[in-house]
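Every chain is numbered from 1 and lettered A, B, ... according to where its sequence line falls, protein lines coming before strand lines.
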Amino acid sequence: MKNIRTGLIFGIIGGVFTITFGGWGVAVLGVAMGIGLGLSLCGRLAPKEPSKLVIEALPAAVAAGVVLLIMSLLDNYFIESAIGNTPASLKLVIPANLIGVLGGIVLSLVIVALHGLSQGRERIGRLVLLAAVVIVFPFSDNLTGLGWTSLIIFALIYVILAMGLNIVVGYAGLLDLGYAAFFAIGAYTTGILSSAQDNITLNFWLVIWIAAAVAAVAGILLGAPTLRLRGDYLAIVTLGFGEIIPVVFNNLTSVTIEEPLTCWIIPGLQRLFGATPLNSCIVLANKVNVTNGDLGINPIGRPALPFIGTFVSNNPIPWYFLIIVIILFSIFLINRLRESRLGRAWMAIREDELAASQMGIDPVRTKLLAFSMGATFSGFAGAFFAAYIAGIFPSAFQFSTSIIILCAVILGGIGNVYGVIVGGLAIELADRLFLPALKDFLSGLMNHTVLPSLASNRTLHDIVAQNANPILYRYLLFGATLVIMMAVRPEGLMPSAQRRLELHEAEDAPNEAASKKN
Amino acid sequence: MNEKLQRALRPLIVILAIYLVLLIGPVASLDIPSIAAAAAKNPLQLVQFLIIGIANGAIMAIIALGYTLVYGIIELINFAHGDVVMVGTFTSLTVLSLTGTLDTKNPVHIILGLILALVLAVVVCAVLNATVERLAYRRLRNAPRLAPLISAIGMSFIIENFGLMWAGQSWLVPSFGTSGGASQKNFPDLLVNMFTNLGLNVNILASTGVHLRLTITGLVVIVLAAILMLGLRFFIQSTTLGKAMRATAQNRDAAKMLGINIDNVISATFLIGGGLAGAAGIMTGLYNNTAWWFMGFRAGLFAFTAAVLGGIGNITGAMLGGFIIGIVASFSDGILDARWTEAWVFAILVLILMFRPSGLLGEQVGDKA
C-alpha cells in the first residue's frame, strides 16, 4: 500500500511538471520521474531476488505511470487551450506519452531490480544507467526540440562551482561568502587572454589551464589575509573580496600607471630646490581599456576540436559533453584529494584547528591550499562560462552568485560531493528551467482565462494584471525554498554520513536535557 | 637570527608597500598627489565631506546596531535586516502618501505626518523582524550554524520580493508611477521643502558664515540617531530587560537557570533591532531621497560591515564602525571616485581585520570559532 502511495506521489509531481512544460516535456519528465521513483523505492525495499522486487514494485510504478498519463492528457486537451496554446496533435501526443510513461515504468523497475544484486554490481549497474541517461539526453532533447540542453549547461557550470566551494566550506570548514570572485577571475582571465579587447588570442585549451592557475594563485592571495580570522569575521572578509573583485573588473576601463619616482617624486624635489625638472616620466600604461566596464568583453574565443570544428552557440551538444568531461575530471580529482593527506588535514582543521596543529598539521599551508584548490575549480568553470556565452559582464559575478553557489552546497548536503552536484542541479534547474516555464504557463493562464473574466471590473483587472507577472515572484519562491528546506532538512538533501551523525548528536543533546527535565 | 632578519626587513616592506600604493593607487582613483593638491586648495571641502559622512554614518550605525544586537544574543548574521530597513522606507512613504503629507504645504501637517510615519515604520519593522525570528530562526537554534544563516538569506529574498511587489502598487501610492516595481521611487525631502516654503534657509550652517552645508534633514537625522543610540545604551545598561539581554548574550544556559525566559528575550531583541531598522528606513529615505526594493542589500551590507569593523556583538563598536564606514564612503564618493567606493569600504575593512582580527572593540575570542 505504502509503495503505491509513493508511486502516486511521484506521478503527481511528474504530472505537475508536465503541465508546466507541456508538449514533449512529458517524455523527459517521465524518465526523470521513473529514476526518482526507483531510487525512492530502493530506500524502502529490503534487498532480495530481483524478480520478487520487481513484482513488489510493479503496482507503484504502474500507478505513477497512470497518474502521469492522465495528467498529461488532461493538460493537452483542457489546460493548454486555457493558457492560449493549441493542443498538440496525436502525432506528438502518442509517442511523447508512450516514451514518458513506459520509460518511467521500465526505468524505475530496472533500478529496483538492480537493488536485488550484490552491492558492487548494483553500483556498476546504476553507473551504467546514469551514463546512458546522461549520454542519450542531449540527442533526444535535440530530436524533440525542447531546447533544454543549453539551459542544463548553465546548471552544470554551477555544479562545478558548487564542487569547488564544497572544498572550502565543506571540507576545510571555512565559510566563504565571496566565492564568485574566483569565478570572475577565471572568466576575466579567459576574456582578456582570448578576445580582441586586449589583442591577445590564445587557444581555449591553453587558456582554461591558465584561468585555473590564475584563480588558484588568487585563492592564495585572497586567502592569506584571512588566516587569522575565525567564523563570521572570515565570512565577512571573503564577502568583502567578493564585492571588491567585480568592482575592480567593472572599473578597469582606463588604466593609467605612471611610475611615481620619475613622474613626481624626483621632479617635485628638483622643483623644491629650484632646478628645472627633467621630463622623463616612465608611463607603464596609458588609458588602457582592460575590461570594457559594464559593456563587458565580447566576443571571446571558443574551443575547437578536430572533426567537430569550432564550438558554436546554436549547437549545445559539444558544449554539453565538454562540461560533462570537466565535471567527471573534477569529481575524480576531488575524490582523490579528499582521501589524500591534504584532504584529511582539511577535515582535521575543520573539526579542531588547535588539536590539528598540535598533531603536526600546518594550518596556514592547509587553509591556503583549501582556498587555492577551491578556486581552481571555479577557474575551470569561469573559463568555460566565458567561452560558452562568448562574453562576460561584471553583473554576472555579484554577491547573489556567491549566495546561490553556497545555497547549492548547503541544500545538496555539505561535505558530500554527490550531494553538492544534486544541489547545484536542483537550484539552477529550478531557476533556469522550471521558473521560466512556470512564468509562461501562468502568464498564459492570466491573459487567456483570468483577465478576460475580470474585464467588467476595471480596478480589480488592473491590480491583478499588475501583480500577476510570475517573474515578480522569483525571489519569493527561491527564498521560501531555502527557509522551508532549512526548517525540514537542515543537513541538506544528501548529507555526508559524518555530517548526518554530527547533526543528530547535536539534536539529541537538548532533547535529552528536555526529557530529563520532564 | 630569523627574527632579527624580519625586523631588519620591516622598514623595507613598509617602503615597498608605500611605493606600490603610489604605483597602483591611481588605478583605483587613489591619486595621492592630486588629492593633496585639491585638499590644499580647498581644505573646507574635507570638513564638508566629514559632515556628509557623519550623517550617512549615523544612519548606518543605527542599522548596524540591529545586526550587532541580534549577533550578540544568538550569534546569527541576520541577513534579512537590511531588507527590514527597506520595508521601513516603504512603510513611511506609504503612510506619508495616504495621509496626504506628500502633497501638502502646511508645516504642521508635514511634521505630524512625519511623526506618524516614523512611529508606524518603527512598529511595522519591529513586528516584521520578530515574526521573521519566530518563523525562520527559532526552530534552528540548535541546528548547525550554517542552517540559520541560509534561512536568513532565504528570508532576505522573501522580503526583497515583498518590496518589489509593494513598489508596483501605484493604486496605493500614486507617486510610485506606472514604471513597475523594479524602478527606484522618489522619496521627497519633506523637511527641506517645508523650509523652502516657509522662506527659511535650508542650510542651517549658513548663519555661521562658513562655506559649509548641512541641510535641516541632515541635522534631524543626526539628532534622531543620537537620541536612539543614547536611548538604546540606557535601555541595555539600566532596565531589567536590558540586563536580561546582556545575561542571555553572555551565557544562554546560565541565564535560563536564573529564570530568564530566553524566547521572550530573543523576541524582544528582534523587536528592538527591527524598530531601529524602521527608524533608519525613514531616515535614509528622507536623507537620500530614494526608495527601492533592492536598497536593503547595500544598506545591510555596509551596516553589517560596520558592525564587524567595530567588533560584532559590541554596541559601541557598531556605532563607531557605522561612523567610520560612513566617513570613508563619503570621502571616497567626494574626493576619489564614487565608482570605487564599495571597493574602498571593503578594503578598509580587510585592512583593519588583518591587524585586529576581532574588530576595533571586539573581544579576543578563544577557539570557539
> Among Leu135(B), Ile159(B), Leu149(B), Ile158(B), who wins on heavy-atom pairs under 4.5 Å with chain A?
Replying inline: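 When all of Leu135(B), Ile159(B), Leu149(B), Ile158(B) are compared, Ile158(B) has the most.
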> So which part of Leu175(A) gets closer than 4.5 Å to some heavy atom of chain B, the side chain, the backbone, both or neither?
Replying inline: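 For Leu175(A), the contact with chain B is made by the side chain alone.
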> For the candidates Asn251(A), Leu411(A), Leu229(A), which exhibits the highest count of non-hydrogen atom pairs separated by less than 4.5 Å from chain B?
Replying inline: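 Top count of heavy-atom pairs under 4.5 Å with chain B: Asn251(A).
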> Most heavy-atom pairs under 4.5 angstrom with chain B, which of Ala235(A), Gly479(A), Pro246(A), Gly173(A)?
Replying inline: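 Among the listed options, the one with the most contacts to chain B is Gly479(A).
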> With a 4.5 Å heavy-atom cut-off, do Ile403(A) and Phe157(B) have their side chains touching?
Replying inline: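 The answer is yes; the side chains approach within 4.5 Å.
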> Any side-chain heavy atom of Phe79(B) within less than 4.5 Å of one from Leu177(A)?
Replying inline: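 They are in contact (side-chain heavy atoms under 4.5 Å apart), so the answer is yes.
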What distance separates [X] [atom1] from [Y] [atom2], expressed to the nearest 0.5 Å?
X         : Y         : atom1 : atom2 : answer
Glu243(A) : Phe302(B) : CD    : CZ    : 8.5 Å
Ile410(A) : Ser151(B) : CD1   : OG    : 11.0 Å
Leu476(A) : Glu160(B) : CG    : CD    : 11.5 Å
Leu482(A) : Ile150(B) : CG    : CD1   : 6.5 Å
Leu349(B) : Phe241(A) : CG    : CZ    : 9.0 Å
Leu239(A) : Ile77(B)  : CG    : CD1   : 8.5 Å

So, for [X] and [Y], which heavy atoms are closest and what is the spacing to 0.1 Å?
X         : Y         : result
Ala487(A) : Arg139(B) : CB-CD, 3.6 Å
Met155(B) : Val483(A) : N-CG2, 3.7 Å
Leu353(B) : Ile236(A) : CD1-CG2, 4.1 Å
Val247(A) : Glu342(B) : CG2-CB, 4.2 Å
Val350(B) : Pro225(A) : CG1-CB, 4.3 Å

